[in-house]
J.: 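Take this structure, written in structure tokens, and hold onto it; I'll ask about it next.
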Protein chains: 2
Amino acid sequence: MSKDTPPTVPTHTTKQRRSSDQVTLSQVAKAAGVSPITASRALNHPDKVSDSARDSVLAAVEKLGYVPNLLAGSLASSRSQLIAVIVPSLINTVFVEVIQGLQETLEAEGYQILLGNTDYDLDREYQLVRTFLGWSCSALVTAGLRHNKACHTLLTNCGHPIMEVMELGEGMDLNVGLDHVAAGRCMANHLIDKGYRHIVYVGARLSQDYRASMRFEGHEAVLKGAGLDAPLVELDTLGSLQAGAEGLAQVLTQYPDTQAIHFANDDLAAGALLAAQRQGLNIPNDIAIAGFNGLPLGQHLTPQLTTILSPRKEMGRLAAKELIRRLSGKNVYRRQHDVGFKLQLGEST
Amino acid sequence: MSKDTPPTVPTHTTKQRRSSDQVTLSQVAKAAGVSPITASRALNHPDKVSDSARDSVLAAVEKLGYVPNLLAGSLASSRSQLIAVIVPSLINTVFVEVIQGLQETLEAEGYQILLGNTDYDLDREYQLVRTFLGWSCSALVTAGLRHNKACHTLLTNCGHPIMEVMELGEGMDLNVGLDHVAAGRCMANHLIDKGYRHIVYVGARLSQDYRASMRFEGHEAVLKGAGLDAPLVELDTLGSLQAGAEGLAQVLTQYPDTQAIHFANDDLAAGALLAAQRQGLNIPNDIAIAGFNGLPLGQHLTPQLTTILSPRKEMGRLAAKELIRRLSGKNVYRRQHDVGFKLQLGEST
DNA sequence: CGCTGTCATGATAGCGCTACCATACGTTTT
DNA sequence: AAAACGTATGGTAGCGCTATCATGACAGCG
């Protein structure tokens, strides 16, 4: 069926489309008496147009209340000012603080954060990554070094900078974090130094919070090295004050001669500390308690909580800076950044 | 300058553009043996194509590893699956919990959250709104009913659903929140019922956290109504445990005969409670302490903190549901939703 | 058997912006 | 003086997708 007769009238009644009343750059350009492309340059590369052109464009923008369509701009230039941030949870303050650090630094550079929450589900992470790549994010930040196969492939091939935060290690691209195994060792050493011999590690959902289990690895290695047992109590509820109280109860039942408990984080530790006090136990004489993270709460308890301070906000800031550096084309010498940690001695051990 | 000579050779060497190796829908369509538009329909309106077409498109998507370009799709359809969420702070857990509620509901419906943080700066809010509108967000969620003039104008005219959360009142469009004045009254009544007569309200940065000052209004009205003074202590640091401790100290100095302190939130209250205990004060006998929010921490302290429980996550969920309902074209009967609050009696009053 | 009404599919024309080239003009170099 | 360069500006053609309209096929109806 060869069509030899062209459509008599090409329907050139301008196939009208939804007329999104939005003010466009062309309208601004017309009002300013320049071409659209000059208007575009006046806004995005101000140094590439004459002062007079720039001024009249800016005046027109103001007058018409022009709001740039970022969608169109990003599509045309195939780069967006979006940066995806994927975290496993928002309940855990730790991630929120990292996000804060990222946000304050990125927003100052004109980037927007696209936030995703995996709920500790790696398949969900993969889905989020797909979606975010669909938004042509300039970069992706994700918590942790563990991903599922598909996600890993997608990320390594997407061509955008990838920043893996929280834990130190060989990542796909950029990495900012701390050594959790070392942190576990550090606290275990401290407890042994203090003379404790019966030490239990308490964590919650370690398969999900695998960084906590890395800390346990370090802890275990030190204890074993000192010829001690390294019992582990794993709770099924997520880290919280409540879970900490339960952890304490479980330890007291299962290991009655425990002298010290090394909790996977400060929430658990604080919950246990408060519960212990409610029960009339003396800390650290009856039982010593240690945490991880260095949340402010620990410093306001009596006794103050012994913990390990992790520079969370700083981690976010540093990650953001490194990303910005990479995105602005500069070479990034160090792909891996150790933000370190610090033993914070309290009275609870 | 009439151009009568067309460009000799129209440079039709296909003005090649950056060839973003990305797999496009056209490629998928070709692989599936259908037209691009059918491929588009197969993905976005699966019920509008035949089963066979749909299957071959999906197979091609899988085979080529196609990731839809959401930018292009949104531009073409002038609607995005983005929803902007603007909060004044992430340090305050309260907002994070609202975000959680929003996120779990919105993500389930395929929406993405674009997060903005104003740092309690209304001009910053305006900037964020501008940016977000540039992304063609389908809707905007913002914390609070107070905005600056420009922001208000922009929001009311943007044509997208606006959801104002946290506080109840006459908003621009949709509203989910609670009555903070009533909450302040509620706690004040409780304290009076308990027999306290010298009651101080302690808040932090009330000009920023104006919801706390609304609670003070309610508090003050009740106290004045009972013929009592309603002194206010305002701290300059943001709400935190540390600030709470300082608030306590300030109250003890300025109003030595204070019997009860009504704190603007649980962080302050908990900080004060812990500090008081450290100083050997008995709560509530020496001094009673009340908070607001119903954070878990309060329930784990001894004595348990008397507070007002605000349904934060629920607020986020409800806001999300209402938005989705509106976005799916359904009529929204109630533009205003009161999520209420609940006096949570502890042992601290 | 024509008429109308679905249904599946496709051709076309944008969405609003910017990359890419081309042009015009003034300034410097040889 | 001619050539080479730099700067400000504009025309054109897309970025990848979808709204709109048009088409052809087939069913139901009098």
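Order of the sequence lines fixes the chain letters, A, B, ..., with proteins taken first and strands second; residue numbering starts at 1 for each chain. Please read all numbers here as calculations on a predicted model, not as lab measurements.
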J.: Taking atom types as modelled, find out whether A:E125 and A:T142 have a side-chain donor-acceptor pair closer than 3.5 angstrom.
T.: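 Checked: A:E125/A:T142 side chains pair up, N/O donor to acceptor below 3.5 Å.
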
J.: What is the distance, rounded to the nearest whole Å, between atom CH2 of A:W135 and atom C1' of D:dG16?
T.: 13 Å

J.: Would you say A:T38 places a side-chain N or O within less than 4.0 Å of OP1 or OP2 belonging to D:dG10?
T.: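 So the side chain of A:T38 is within the cut-off, an N or O lying under 4.0 Å from OP1 or OP2 of D:dG10.
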
J.: Identify, with sequence neighbours excluded, every residue that meets salt bridge (Lys or Arg N to Asp or Glu O under 4.0 Å) alongside A:E314.
T.: A:R317

J.: Within residues 40-51 of chain B, which residues have any heavy atom lying less than 4.0 Å from an atom of DNA chain C?
T.: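 Within residues 40-51 of chain B, the residues near DNA chain C are B:R41, B:V49, B:S50.
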
J.: Could you tell me how far apart A:K30 (NZ) and C:dC17 (P) are, to the nearest whole angstrom?
T.: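 Going from A:K30 (NZ) to C:dC17 (P), I get 14 Å.
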
J.: Can you check the B:L133 CG to C:dG16 P distance for me, whole Å?
T.: 15 Å

J.: side-chain contact (heavy atoms from CB on, under 4.5 Å), that's the test. Do B:N69 and A:L75 meet it? Break it down for me.
T.: CA-CA 9 Å; B:N69 186 324; A:L75 177 61; 4.0 Å; yes

J.: Could you name each residue pair satisfying salt bridge (Lys or Arg N to Asp or Glu O under 4.0 Å) that touches residues 53-72 of chain B, not counting sequence neighbours?
T.: B:D51-B:R54

J.: Tell me the closest heavy-atom pair linking A:T156 and A:T153, and the distance in Å.
T.: OG1-O, 3.1 Å

J.: Look at atom NZ of A:K313 and say whether more than 12 heavy atoms of other residues, nucleotides or ligands are closer to it than 6.0 Å.
T.: yes

J.: Round to the nearest Å and state the distance from A:L25 atom CG to C:dG16 atom C1'.
T.: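 Checked: the CG to C1' distance equals 8 Å.
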
J.: Can you tell me the distance, in whole Å, between the CG atom of A:N69 and the P atom of D:dC15?
T.: 18 Å

J.: Return the residues of residues 52-65 of chain B meeting this criterion: a heavy atom under 4.0 Å from some atom of DNA chain D. Order them by number, or give none.
T.: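 Residues of residues 52-65 of chain B under 4.0 Å from DNA chain D: none.
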
J.: Taking atom CD1 of A:I99 and atom CG of A:L115, what is their separation to the nearest 0.5 Å?
T.: 5.0 Å

J.: What integer distance in Å separates B:Y66:OH from D:dC17:C1'?
T.: 7 Å

J.: Does B:S77 have a side-chain nitrogen or oxygen under 4.0 Å from the phosphate oxygens OP1 or OP2 of D:dT18?
T.: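 So the side-chain polar atoms of B:S77 never come under 4.0 Å of the phosphate oxygens OP1 or OP2 of D:dT18.
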
J.: How close or far is atom C1' of D:dG14 from atom CD of B:Q22, stated in whole angstroms?
T.: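 So the CD-C1' distance, B:Q22 to D:dG14, works out to 15 Å.
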
J.: Under the side-chain hydrogen bond (donor to acceptor under 3.5 Å, both in side chains) definition, can you give me all pairs with a residue in residues 37-48 of chain A, not counting sequence neighbours?
T.: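 side-chain hydrogen bond (donor to acceptor under 3.5 Å, both in side chains) check on residues 37-48 of chain A returns A:S35-A:T38.
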
J.: Should we count CZ of A:R79 as having more than 12 external heavy atoms under 6.0 Å?
T.: no

J.: Could you check which of C:dG16, C:dA19, D:dT18 has an atom nearest any side-chain atom of A:R79?
T.: C:dA19

J.: How bent is the helix from C:dC1-D:dG30 to C:dT30-D:dA1, comparing axes over its five end pairs at each side, to the nearest 10°?
T.: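 So the angle between the two local helix axes works out to 40°.
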
J.: Using whole Å, report how far CG of B:L75 lies from P of C:dA13.
T.: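 My rounded result for the distance is 18 Å.
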
J.: State which of D:dG11, D:dA19, D:dG16 makes the closest approach to the side chain of B:I37.
T.: D:dA19

J.: Mind telling me whether A:F95 and A:Y120 have parallel, tilted or perpendicular rings, with 30° and 60° as the class edges?
T.: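 Because their plane-to-plane angle is over 60°, the rings of A:Y120 and A:F95 count as perpendicular.
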
J.: So, does B:T24 get its side chain near the phosphate of D:dG16, meaning an N or O under 4.0 Å from OP1 or OP2?
T.: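 False: B:T24 side-chain N/O out of range (4.0 Å or more) of D:dG16 OP1/OP2.
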
J.: Between B:V28 and B:A60, which heavy-atom pair has the shortest distance, and what is it?
T.: O-CB, 3.6 Å

J.: What are the two closest non-hydrogen atoms of A:L122 and A:N148, and how far apart are they?
T.: O-ND2, 3.3 Å

